[in-house]
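Report on one structure; see the data block that follows.
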Amino acid sequence: MKDTATQDLTASIEDSYRTQNPRSEELFERACKSMPGGAKGAYYHAPFPLTMDRGEGCYLWDVDGHKYLDFATHHTTQVLGHKHPAVMKAVQDQLDKGSALGAAVGIEADMCEELCRRVPSLDKVRFCNSGTEATLHLIRLARGFSRRSKIAKFEGGYHGSHDVVEVSSASPLDKAGSETAPNSVPSTGGMSPNVASEVLTLPYNDEASVEHLIAQHHGELACVIFDPKAGIVPQRKEFAKFLREITRKYDLLLILDEIVGFRMGFGGLQEHYDIEPDLTSYGKVVGGGFPVGAFGGRADIMDLLDSRKGGTGMFQSGSFSANPITMAAGYATLKELTPEAFEHLNRLGKQVVEGLNRLFERRGVAAQAVNTGSVFSIHFSKEKVVNYRTMARSDKAMAHRVYLALLAEGYFLTDGLIMNAFSLPTQESHINGLIEAVGRSVKRAS
Ligand code: PMP
């Protein structure tokens, strides 16, 4: 389709969205007066994001009274669905005792034990309040342990919003340089001008280039941090295993970012990849719907934070780290995430991508669906999406139109259709409904 025709189509889909969502528009306009852009960065999309009223199980209701099947699940966090009774009860029980008591309450140790029980590479774990903090503390630990400062990360890898990890998380293609030796490009303004020189940027899915770059730079590297792009551009098992081998060969710490974790197996992503990283970051699901980050790994590294061992020069705390409400919700959530629960989620994950890919093939739509367990993405692209560059070249305007069209059908995904996820109460019939709705929405958006 010609550019003007697609712009007209986008405008007409946005117009009907406006008509259907007057209350959300009104609330957004009001919010813009006191908040930059009316909403946090990830919520905004044109013409304005919805305001939700409530959620229950796998459903959400917005302020205009529309009901949605929730395929976003709050950035993948609500794996049990909204207001799961076991989580509500655990939170209420803790609220009855007090929300924050200025001391440990015991549940944090239950949580750490549970994580160490599930994940063999975890000897010790600490909590914080976001994935951003988890990767920040791990990188500090890696630097403190190795006494080297530069880090290696992947182009398009996301690890939160502290400076060093926002290098090359979303490089503009005209600045990204060579595909096999990408430039290190700050992804947001306001970062220290020196920060790009602290980062070696590696390409995903390309063993030869990664080996070459690590061989050149290993002497300066504190660690390699790896976001396997779960459910977005899922990295191959062989690639993860290769990374584990190459980091061992060059005596480098490997940090696995599992913040989109516990979405496909009892032992998290490293069980799926069959690797043991030195350090791992967690977030999202682990907080049971409340703010969380967690990080852990080898005892000899984590013990740099052991306050009994004064003089390590390392420290981690935070007013609300391991706060009782998050711990209660997270522990209740993990208890519900049994192997059977993952079996259900993984079966539906397979159903959604197989169904969507069959639909795209039958209709000749240049699109592909990918998943890691219950997290999935739809890329509108002719070429196979295997790394940052191929993902960046996909048709974002088409994804936006399909997203809006799906809202009108009662399906709440993510704008961009990247990192969608469903919850445990979701059933096969819901997935079939979604696949049919994607079929109608793609037609409307084309
Ligand atoms: N790492 C990964 C892989 C993530 O997906 C995210 C969040 N989407 C983060 C880190 C940052 O987590 P948070 O938003 O809790 O800071």
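For ligands, and for the atoms within them, numbers begin at 1 and follow the listed sequence. This structure is a prediction, so every number in the text was calculated from the model and none was measured.
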request  = Determine yes or no for a side-chain-to-main-chain donor-acceptor pair under 3.5 angstrom, with Gln427 supplying the side chain and Pro425 the backbone.
outcome  = yes
inquiry  = Against ligand 1, does Lys284 come closer than 4.0 Å with any heavy atom?
reply    = yes
ask   = Would you say His75 touches ligand 1, if touching means a heavy atom closer than 4.0 Å?
value = no
key: Heteroatom proximity flag, Met419 to ligand 1, N/O under 3.5 Å   = no
task = State whether the shortest distance between N or O atoms of Tyr158 and N or O atoms of ligand 1 falls below 3.5 angstrom.
result = yes
Atom indices of ligand 1, in the order listed, that fall short of 4.0 Å to a heavy atom of [X]:
{"X": "Asp227", "result": "3 (C)"}
{"X": "Ser130", "result": "15 (O), 16 (O)"}
{"X": "Gly160", "result": "9 (C), 10 (C), 11 (C)"}
{"X": "Ile259", "result": "1 (N), 2 (C), 4 (C), 6 (C), 9 (C), 10 (C), 12 (O)"}

request  = Check whether the ring centres of Tyr403 and His45 lie less than 6.0 Å apart, and answer yes or no.
outcome  = yes
Aromatic ring proximity, centroids under 6.0 angstrom, Phe239 and Tyr273 = no
key: Minimum heavy-atom distance Glu383-Ser381, with the two atoms named   = O-OG, 3.1 Å
note = among protein heavy atoms, the one nearest atom 1 (N) of ligand 1 is Asp257 OD2, 2.7 Å
ask   = Nearest to atom 12 (O) of ligand 1, what protein heavy atom do you find, and at what distance?
value = Gly131 CA, 3.3 Å
key: Contacts of Glu343 that satisfy salt bridge (charged side-chain N to carboxylate O under 4.0 Å, His left out) - sequence neighbours left out   = none
ask   = Can you check whether a protein heavy atom sits less than 4.0 angstrom from atom 14 (O) of ligand 1?
value = no
task = Between Thr76, Thr77, Thr132, Val260, flag the one that comes closest to atom 5 (O) of ligand 1 by a heavy atom.
result = Val260
query = Got a sec, which residues hit side-chain contact (heavy atoms from CB on, under 4.5 Å) with Lys67, two or more places apart in sequence or on another chain?
reply = Tyr59, Trp61
message = Under the criterion side chain to side chain contact (heavy atoms under 4.5 Å, CB included), I'd like the reasoning laid out for His344 against Glu340: C-alpha separation, chi angles, the key distance, then a yes or no.
response = CA-CA 6 Å; His344 174 74; Glu340 296 71 38; over 6 Å; no
query = So, Thr333 versus Lys335: side-chain donor-acceptor pair below 3.5 Å or not?
reply = no
